[in-house]
Amino acid sequence: MKVGGALRVLVAGGVAAGLVYGAGRADGQVHLARAADRTVVAAGVSSALRSASVACPGPDRGGLHGSTDPQAARQQVTLLSTSAPLGVLPAGVRAAGDGGASAVSLPGAAAAVRTTRAGTVATLVSGDRAIRLDTTGGLAPGSTSTQYSYDSIRSARGMSFLQCTAAVQDAWVLAGGDEPGRVTRLVLANPGSSAITVAATVLGSAGRDPGSVAGTVVAPGHRVVLTLGTLRSGRDPVIHVTSSGGPVSVAATDVWMDGETQIGEETAGVSAAPATTQVLPAVTVLGPEPVVRVADPGTQDAVVRVRATGSDGAIATEQVLTVPAGRTGSIGLRGLVPGDYSVQVLSDEPVVAAASVRSTATGVGDITWATGVPVTRTLTGTGLPVGLAGGDALLGVTATSSTAQVVVSTVDARGGVTSTTRSLTAGAPLLQRLPAATSVWVSVRSGSVRAAVSVRGKDQGGPLFATTALAPLPLTAQIPAIRPAGG
Amino acid sequence: MTALLVVRGGHTDGLDRPAFLDATCAALVEQTRPPDRLVVVDATADRMMRGYVDDHERLRDAYPQVSVVVVPRHASFAAMVDTAVDALPAPGEDLVVARRAGGRAGRRPVRPRDRTHWLWLLHEDSAPDPAALAQLTAVVAQSERVGIAGCKVVDAADPTLLLDIGTDVTRAGRHVGAATRETDQGQHDHRRDVLSVSSAGMLVRQDTYNTLGGFDPAFDGEGDGLDLGWRAHLIGHSVVVVPAARVRQVASDAGRDATTLRRHRQVALARASLLGMPFLAIWTMLSSLLLALVLLLGKQPRRAGIELVQAGAPLGILRILGARGRFFRRGTTRRRNLRGLFVPAAGAVRAAYDGLRDGTGGRSRSPWGSGTVAAETGPVPADAEELRVERGPVARSLLGPAGLLVLLLAVASGVLWRDLLTSGALTGTGRGLAGGQLLPFDTDATGIWRTYRDAWVGPGLGHAGTNAPYLLVLAPLAWLVGLLPWVDHDVSGAVAVAWLLVAAMPLSGLVAYRAGRAATAARWPRVAVAVLWATLPTLTTAVAQGRLGAVVGHILLPFALAGALAAVRRHASGAMTFGAVLAVTLTGAFSPVLLIACSVVAFAGVVLAPGAGRLRALAVLVVPWVLLAPWTRDVLTGDRRALLAGPGALDPTRGGGIPAWELALLHPGGAGSYAVLAAVPVLAIGLIGLLRTGLGRAGAALIGVGLLGLAAALAAPHVLLAATSQGDATPWSGPALDVYAFALLGAGLLGIAGLDDGRWRPWVRTIAAVACVGACVVGGFAVWTATASDLVPAVGALPPVVQRQLTTSHAPRAILLTAASNDAVTYQLIGRETGLPARDLRSPDPSYDTRTASTVSALTSTGAGGRANSSRLMHQLAVGYVVVRGSAAVERLNAPLAATAGLTQLSGNRAMSVWRVEPAATAAGDVGSSRLVIAQGGRPVTEIASRAQHGRTDVTVPAGQPGRTLVLAEGRGWADHGRVTFDGRVLSASTSANQPTYALPTSGGHLVVEAGVRHEWLAWMQLGLLILVLYLAIPFGARGARAEQGSGS
């Protein structure tokens, strides 16, 4: 060891120790970062909806060939295009400026629809086509369309009422049956600009139907009507539709003839996605007991409890059903007296559900399908057919949350708006008759609800009725926050 | 026996007569077996030989009837001999031959007495030993086949130096130079049959001479002797050398200059078979050119020049054909009989290699000249070092401590990478590594080169050129990796980066071991230090975090810093200086912070170094910055923060809260860390070394370097250098800690220096052994306990089916959408281009562009206005596919994508959905997504194929409608750098368009789209300087300075 070395170590060590000590105490920073370095993140934006599009299936028999009934192909449906009154819309989405609506025929050309805020416009549609209704600008928030039809021909009789919804890629439709003379026409419309391939799998009480459609191509702006004939998968068919390449608009028309006797007709839309709770908020019982059909798409058997609740909150009936995995089942709601009910389907496995109701047990009548309804947290509503002979509409609203507060607004033929604020609890549904209204709107102030509308009427053949689930109406445009990856 | 003494003059002494003539005449007088007669061939300026002979009593006494033949002055030796032999006067007669008649090399009549008559050729400066002729005649008397006999020629000034003992050439006429200027110890005295002999003292039988017609005029002056001997063999005579007969010759006259060697090659061509001559000519040309190149690289320009002259030998075709013609059909023996006389090819190669090793090829190439212990040369590349050792480089590397070190560290590296050892990322079958600071680098060598060179580069829509000089190093590595059959060529860049990270530990150990020679020659202490260096936490963390720049910086830093320190020493060599320059440049290319550290050291050298050391320090200070010129210019005139950045050099954790004392113990923290106290031995080694080194300059320099590194490491977390998506990032403290660690370990090695001799030797050995074992224990602990790496095997961001489409002729792009944790959607515009291999100052937003952002906004929104434009926007970006990855993203984005016009879903599941952008339907047909489209009235009408990155193409475009435009789906700035020509005419970009748009003529033509080259002249300058520095850094050539430097270390 050298003295110089020791001295040097001492000095160097001392300086190093000083540096370490100083660094431990220093908290100053030199800022060299520049604003331009930062990742450019576009924040998410929620603004008034500027564009919305729904698709209506159109006349299911519009392109029918070879029918023994010459009137069958001359079917007409009515599209009720309407928009919620400004007062019903939340303040943030009352967009200024004009908007417009157009009906695009699938296939075919677009035609303007003269819709005004709070007004309801009826458009007659016939032929082999579906309709895509586009609303833009200030008219987009709170606009909706509903397809209404009334048939009374030799080969079909009944009333149908279906809210038009946005096309989807995965849909469950509950309609049809294995009874002789019962035919289900599945209407698949492609509102997009590229071809899609649609598979329709029929589940029954015996499992998957071997006659399921593995894949049918629907050209852009066209529709395909599939007729589901003899079922080989048992009873209670449920149709699962999936689409690749783009979304599809799905509806199924259930026409039931018993020989020459018209049992009824209904066009059913897409049911709420599989869930452990399904609600059918508006089930009108005119006589025969409703039959609730349940499908369990999962891999575990589902134990299903079906409960019907009256407007007073009392449980009118409660049934239990076990549905095997991958199959369907049904149960009649025995003991219900005629009236309006909300039906809840509670299961330990995700299921889809709908209730079919006949107007009469025998003879000429009508049927309706009350399907599972998606949850609404802001606004829903629909236009209503006017001039229903001896009929009216029923609004069923069931709270999904423990409590909910809703404002029910109806618009009369002169444009007058009547609003009622209602507080709901989970066990007490709102079942409200709507006489002489051209549209009805349910604005959710708190909580969440499920809503449906059932309309009824009468002709010389007897009562008619039809039900539609009310899907939540989009009010806002969502532009998510985006940022470039890799930062 | 007639002696022919040719006196040409030229060399005159003070007595106005040819120098050495007296000695030659004296030698003739003293011959024990004197020739029967003496003929003096007088070619002197003043025809003085008759007078000289008359005045030379002893000569006159010994040879009373000397004849003097006066010949033209400027004739060659061979021509003079031919003249004299033709006109051979009677004894005592003199003769003047004004001009020799033609017909040389033609067959002449042979008289019977010619078979016993010999001609002994002597120059005026070649003095034979007294017994020379007696020895020659004794040998030639033994065989009638002998036509020519020659002497051993030695240097007149130093008779121990051999000049010639028979000519050694290959079949191609290459003179391998055996025995040239060797010390004569009788090592060649066994020789007898040779191809030819020197004309100094050459004994030629008269009939042989006449049959050959004497010397061939084609080779007068140079190569005449070789040609004569060669032809003598071809007519069935033998040529022998008689080592016992010695001739002393003035060396300058016997040297083989370039012209002589060239003539030798021409002799070989003239005497080769007619069929073999063309092939021999080609071989001569190619082999000489190749050797010239090698010699040039070996810093032997003079010898390279000689080789170049030889390469031109076949160009003298007239001379060759003339010589062939004169000897046509006169050969009587087969050429293959001469096989044994030529130096075999292996001998030629060995001679060339020896010449290369010996530098100047002079006397130093004695068998014991290259000592068994290599001299110290400081930190120069290992390969170059090993050329000078006795054992082969491979054997030495494998068997020495360096081999053991590499093996140990390779095992350690295997332990460190144990989780990924069998993955495709490391075996080369995958796509490299991802995670940490690494970015996708799916490209090949060409892609890397383009990224470096091009003016418009990068992923997404691209951006103005990236200045990353390290890409120049990665490109050849990727090329080499791409040659391996199991590596996917398209991702060779990523594999090269992965392998570089894996090999970092053994490489840094090897470099540290070699660089340690600057401090001490003791090998085992260097092994211990190298193990510690290679397992420092700065390396394990840099590797685990994918900090490419820091990793390569760690590998090269010992060479760079030790070189910078050693270059300032008084006796440092130029090769070492420029080796240091190269090391500093390479280090700086990957880690600018380390370049600054080396430059600080060099600057200190400029100020403080003694003598020429200042100049060398100036070279180390300046040249690396000049070599990195484009980068230097951009950094100094632009964003100077790049000086503190580099690939993977940013730390978004801002030091990660590591306390200062841990930094002092060399721990930068993060993935790859191990127990802090494990670095205490490094600190201890440094302090002990400093205690031992006393007040020396080296110790002071290392203290300065160490404190500089420590201060920089401590300061790094306080410098908020750049903003990233993860927050403000600071420079990573690892490189600064490397400088600090270098000083500590360097001080330890300096402490050992000088202790390897004398009484300390046993102690040193014991300490070295303990240190080696201790270092291995520390290293083993480090690699076993290092925390998990951030790196994982890379997987393609896109499905293979989409990835493949990106490199098709239309080169569409894909938008990759994923869900971020904060409810945002992240997007990436992916094309065939790639970016940099690791994050850097400018790479937080590789895909950012306002047009891309707008497109993604429109695409992912629901219910917003402007969604109808999504398809058009995507076509403008040449987006052909939209890929949604991750279940959250699929759930959120499938609905808006499904509602987007012009998008068709190709596949979808819960984890990923793939959508195709449908072609735009136009009146002219469908137009798909393409980088280049021709538009009419703003609407695309046809796609144009592109062949490389960022729209490059070279196609013929048919005629079209007026008003058509070429639209490039590139960033707006492309037009500032790129160039579009149509039939050779440069088109100008439209200033109003938001993407590069060019008006096209209606006529058809040749369309060329180029993305532009950046810094073209700077790049050429850079290349030229790089070649020069490489050349200067090669440790061949002048060995004196290097040996001297070695002794100085």
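Lettering of chains follows the sequences in order, A, B, ..., and the numbering in each one begins at 1. The structure displayed is predicted, hence computed values, not measured ones. Atoms considered below: every heavy atom in the structure, side chains included; atoms not considered: hydrogens, waters and symmetry mates.
Paired with A:Pro480 under the rule side chain to side chain contact (heavy atoms under 4.5 Å, CB included), one option of B:Val856, B:Val825, B:Thr862 passes, and it is B:Val825.
In this structure, the side chains of A:Gln169 and B:Asn894 come closer than 4.5 Å at one or more pairs of heavy atoms. Looking only at side-chain heavy atoms (C-beta outward), B:Val719 and A:Gln29 stay at 4.5 Å or farther from each other. When side chains are defined from C-beta on, A:Ile482 counts as touching B:Ser857, because their heavy atoms get closer than 4.5 Å.
Contacts between B:Arg892 and chain A at a heavy-atom distance below 4.5 Å involve the side chain alone, from C-beta outward. Heavy atoms closer than 4.5 Å to chain B are found nowhere in A:Ala167, neither backbone nor side chain. When heavy atoms are compared at a cutoff of 4.5 Å, A:Ala12 approaches chain B by way of both its backbone and its side chain. In this structure, no portion of B:Leu663 lies under 4.5 Å from any heavy atom of chain A. If you measure heavy-atom distances from A:Pro474 to chain B, you find no contacts under 4.5 Å at all. B:Leu906 does not touch chain A: none of its heavy atoms, backbone or side chain, sits under 4.5 Å away. For B:Ala722, the parts sitting under 4.5 Å from any heavy atom of chain A are the backbone and the side chain alike. Heavy-atom distances place no part of A:Ser53 under 4.5 Å from chain B, backbone and side chain included. Of the two parts of A:Ala16, the backbone and the side chain both hold a non-hydrogen atom closer than 4.5 Å to a non-hydrogen atom of chain B.
Of the possible donor and acceptor atoms, one in the side chain of B:His718 sits under 3.5 Å from a partner among the backbone N and O of A:Gly28. Distance alone, capped at 3.5 Å, places no donor-acceptor pair between the A:Arg483 side chain and the B:Tyr827 backbone.
Rounded to the nearest 0.5 angstrom, B:Thr904 OG1 and A:Ile196 CD1 are separated by 10.0 Å.
Taking all atoms of both residues into account, the shortest heavy-atom contact from B:Ala660 to A:Ala23 is CB-CB, 4.1 Å. Heavy atoms only, all atoms of each residue included: B:Ala711 and A:Leu19 are closest at CB-CD1, 4.0 Å. Summarising the geometry of B:Ala723 relative to A:Ala33, their closest heavy-atom pair is N-CB, 3.7 Å, with the distance given to 0.1 Å. Across A:Val9 and B:Leu690, no two heavy atoms sit closer than the pair CG2-CB, 3.4 Å.
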Task: side-chain contact (heavy atoms from CB on, under 4.5 Å) evaluation trace for A:Val20 with B:Leu714 - done: CA-CA 7 Å; A:Val20 171; B:Leu714 293 170; 4.1 Å; yes
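Residues of residues 101-109 of chain A never come within less than 4.5 angstrom of chain B, heavy atom to heavy atom.
Ranked by heavy-atom pairs under 4.5 Å with chain B, the first of A:Leu475, A:Ile479, A:Asp27 is A:Ile479. Most heavy-atom pairs under 4.5 Å with chain A: of the set B:Thr860, B:Leu710, B:Ile703, B:Leu721, this distinction falls to B:Leu721.
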